[in-house]
Protein chains: 2
Amino acid sequence: MTDDRPRPVKTTQTSLALVRAVRDSDGATLSELADRLELAKSTVHNHLHTLIDEGFLVRDGDTVHVGLEFLSFGEHARERNPLYATARRHVYTLAKTTGHEADFIVEENGRAYSLEYAIGEPSRRGLSESSPFRAGNRFYMHNCASGKALLASLSESRVREILGRWGLPATTDHTVTDESDLFDELEAIRRRGYAVNDEELLAGYRSVGAAVTSPDGEVLGAFSIGGPTYRMATDESAIEEIARLLETEISSLEATLF
Amino acid sequence: MTDDRPRPVKTTQTSLALVRAVRDSDGATLSELADRLELAKSTVHNHLHTLIDEGFLVRDGDTVHVGLEFLSFGEHARERNPLYATARRHVYTLAKTTGHEADFIVEENGRAYSLEYAIGEPSRRGLSESSPFRAGNRFYMHNCASGKALLASLSESRVREILGRWGLPATTDHTVTDESDLFDELEAIRRRGYAVNDEELLAGYRSVGAAVTSPDGEVLGAFSIGGPTYRMATDESAIEEIARLLETEISSLEATLF
DNA sequence: ACTGTCCGTTCGAAACGCGTGAACGGTTGG
DNA sequence: CCAACCGTTCACGCGTTTCGAACGGACAGT
């Protein structure tokens with residue numbers, strides 16, 4: 001499934017690798033990129049200029065940045081999701097009522113993409129302390145609460161397909177990396193109705209997630225509520241309370257899907 | 001300035017052309033794309049599969065769509081703008097208080113990109129009637145209100161550079177297509193403090209825009225308020241009222257820039 | 001002023017890989 | 001059961017990308 005059976009277009013791949021590198025380093029110079037990707041400067045030069053010409057990159061002096069042209073495509077992809085407009089509102093109310101962080105994610109190509117994200121009480125945070133999360137973030141399915149909630153609603157064959165494609169990479173030492181352990185947990189999630197992520201994605205971050213399913217049983221996405229461990233209590237009752245909140249919010253959304 | 005002095009990477013260009021075609025047709029099949037771009041099916045096949053493999057396109061049966069991978073880059077580009085978080089709130093309040101459509105745009109590479117967009121009273125609209133606008137939209141500078149407001153705040157040389165790069169294409173028969181006419185209008189905009197777009201972008205759409213400038217005179221972006229002609233009155237006083245609203249909102253924002 | 005070093009840019013030459021078109025297998029509908 | 005559509009595969013030849021070396025400009029140290 002991972003095979004590039006059709007001959008991959010290498011040139012496009014290097015262009016995209018450049019764009020990724022630019023985003024990940026939050027702005028980079030031509031030489032930096034040539035070093036990092038082990039390409040000749042002239043090669044990078046040509047790629048950068050075509051990407052700049054197309055609007056996907058912007059130059060600011062000697063450094064290049066990700067261009068706003070991406071926004072048009074990103075918004076397009078996001079709004080293609082029929083649930084986005086409503087889910088968005090639910091994210092805001094969840095964040096506001098809990099005071100924690102809330103987001104709505106969907107599965108695409110075996111990965112979890114955050115379509116909307118909100119913080120409940122930014123006033124509590126120092127200005128320098130910004131969240132590592134934002135809309136558009138891509139996660140693995142097995143190490144975040146909403147991802148696990150989604151997996152629990154998918155068929156076993158689909159889950160195996162996804163795990164086969166992406167594996168179970170560990171991002172902390174709490175990450176579940178054993179496939180049968182994960183299947184056990186998915187079973188528990190189905191019983192409980194919600195999933196918990198206890199520092200499995202990011203040390204010091206805890207969250208609770210639950211999936212949205214359409215009347216005909218199709219899984220549409222998942223909401224999660226989370227925050228730093230010092231604000232998200234670990235005891236059963238606190239978790240339960242958040243889960244209950246999620247469930248009522250989700251069932252009110254599901255009621256509109258007739 | 002428009003020259004592709006450095007050899008453009010054609011392969012990347014066709015990949016991007018494919019992605020554009022997919023977005024513009026809101027999902028397309030391989031054969032459609034091959035027809036439209038006059039490429040061999042095998043060529044399109046290879047491009048699509050690498051783009052899918054990278055997450056920038058998604059396949060749904062025989063049709064491909066824009067992938068959520070774009071969202072990550074789009075959000076990155078958007079949040080790189082230091083004004084985005086605050087401007088966003090102002091867009092919402094402008095939309096709410098006026099009941100019209102409001103947006104915040106910035107200039108990049110001589111084009112105007114909408115960073116945030118909101119509708120005041122969606123309840124008035126039929127569900128099928130959705131706005132042609134959304135965040136991420138890219139406009140020419142000369143035929144939208146905020147674009148003209150931005151041009152009016154830029155140096156003449158920069159304006160000439162932009163017009164030289166992109167021209168003054170007409171999108172309706174109200175579009176200003178003569179360069180000296182436009183310069184006259186920019187002068188008027190500087191006097192008045194705001195710009196008006198009277199069906200110059202889109203027939204039946206009217207809007208008012210004004211620019212945000214930093215304390216040291218740098219132009220940071222522009223807000224606009226607009227709507228269908230049947231809701232946006234054309235008489236002087238109504239326009240003036242909206243302009244005044246814009247100005248107070250903008251000066252409250254500018255006050256926070258110390 | 002001169003040198004060293006960094007940046008991006010240009011250019012010719014060489015090989016690699018992209019683009020092609022024809023043929024294939026699968027599915028749908030007449 | 002054939003026709004028409006879809007996406008897929010493959011070998012071949014040309015075009016493009018890639019490279020490295022040389023260039024010019026900006027800047028800092030001496």
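Sequence lines set the chain letters: A, B, ... in the order given, protein chains first and strands last, and positions in each chain run from 1. Keep in mind that what you see is a predicted model, and the values were worked out from it rather than measured.
Taking atom CG on A:Leu30 and atom P on D:dG25, their separation rounds to 18 Å, with Å as the unit. Atom CG of A:Leu48 and atom C1' of C:dC7 are 13 Å apart (whole Å). Atom NE2 in B:His45 sits roughly 15 Å away from atom C1' in C:dG21 (whole-Å rounding). Whole-Å rounding puts the B:Glu38 CD to C:dG21 P distance at 11 Å. Rounded to whole angstrom, the span from the CG atom of B:Leu37 across to the P atom of C:dT20 amounts to 11 Å.
Distances were taken from every side-chain heavy atom of B:Ala40 (C-beta onward) to each of C:dG8, C:dG21, D:dT8; the shortest belongs to C:dG21. Among the nucleotides D:dC10, D:dG20, D:dT17, the one closest to the side chain of B:Ser42 is D:dC10. If you check D:dG7, C:dT20, D:dC19 against the side chain of B:Thr43, the one that comes closest is C:dT20. Considering only the side chain of A:His49, C:dT9 comes nearest among C:dC18, C:dT9, D:dT8. Considering only side-chain atoms of B:Asp62, the nucleotide from C:dT20, D:dC6, D:dC19 that sits closest is D:dC6. Relative to the side chain of B:Thr29, the nucleotides D:dC6, C:dC18, C:dG8 differ in distance, and D:dC6 lies closest.
Using a 4.0 Å cut-off between charged side-chain N and carboxylate O, B:Arg165 and A:Asp53 make a salt bridge. Ion pair A:Arg20/B:Glu69 flagged as a salt bridge, since at least one NZ, NE, NH1 or NH2 atom sits closer than 4.0 Å to an Asp/Glu carboxylate oxygen.
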- request: Give the B/S/- string for nucleotides 23-30 of chain C, one per nucleotide from 5' to 3', where a protein heavy atom under 4.0 Å of the base yields B, of only the sugar-phosphate yields S, and otherwise -.
  value: --------
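Note that CG of B:Leu51 is 6.5 Å distant from CG of A:Leu16, once rounded to the nearest 0.5 Å.
Counting only N and O atoms by type, the side chains of B:Thr175 and B:Thr177 include no donor and acceptor under 3.5 Å apart. In summary, the side chains of B:Ser157 and B:Ser155 do present a donor paired with an acceptor at a separation below 3.5 Å, with no hydrogens or angles considered.
Both tests do not hold together for A:Arg78 against B:Phe70: distance to the six-membered ring centre under 6.0 Å, angle to the ring axis within 45°. At least one cation-pi condition fails for B:Arg111 and B:Phe139: the charged atom is not both under 6.0 angstrom from the six-membered ring centre and inside a 45 degree cone around its axis.
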field: side chain to side chain contact (heavy atoms under 4.5 Å, CB included) between B:His142 and B:Glu179, worked out
entry: CA-CA 10 Å; B:His142 72 290; B:Glu179 195 159 319; over 6 Å; no
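Taking for each of A:Glu32 and A:Thr12 the nucleotide of DNA chain C with the nearest heavy atom, the 5'-most of the two is the partner of A:Glu32. Mapped onto DNA chain C by nearest heavy atom, A:Thr11 and A:Asn46 fall at different nucleotides, with A:Asn46 at the one closer to the 5' end.
Using a 4.0 Å heavy-atom criterion, one finds that A:Thr63 contacts no nucleic acid atom at all.
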Give me, pair by pair, the N or O atoms of the protein and of nucleotides 11-15 of chain D that are less than 3.5 Å apart, along with how far apart they are.
from, atom 1, to, atom 2, distance (Å)
D:dA11, N7, A:Arg7, NH2, 3.1
D:dA11, N6, A:Arg7, NH1, 3.4
D:dA11, N6, A:Arg7, NH2, 3.2

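The rotation axes computed at either terminus of the helix from C:dG8-D:dC23 to C:dC24-D:dG7 lie 60° apart, taking five pairs at each end and rounding to 10 degrees.
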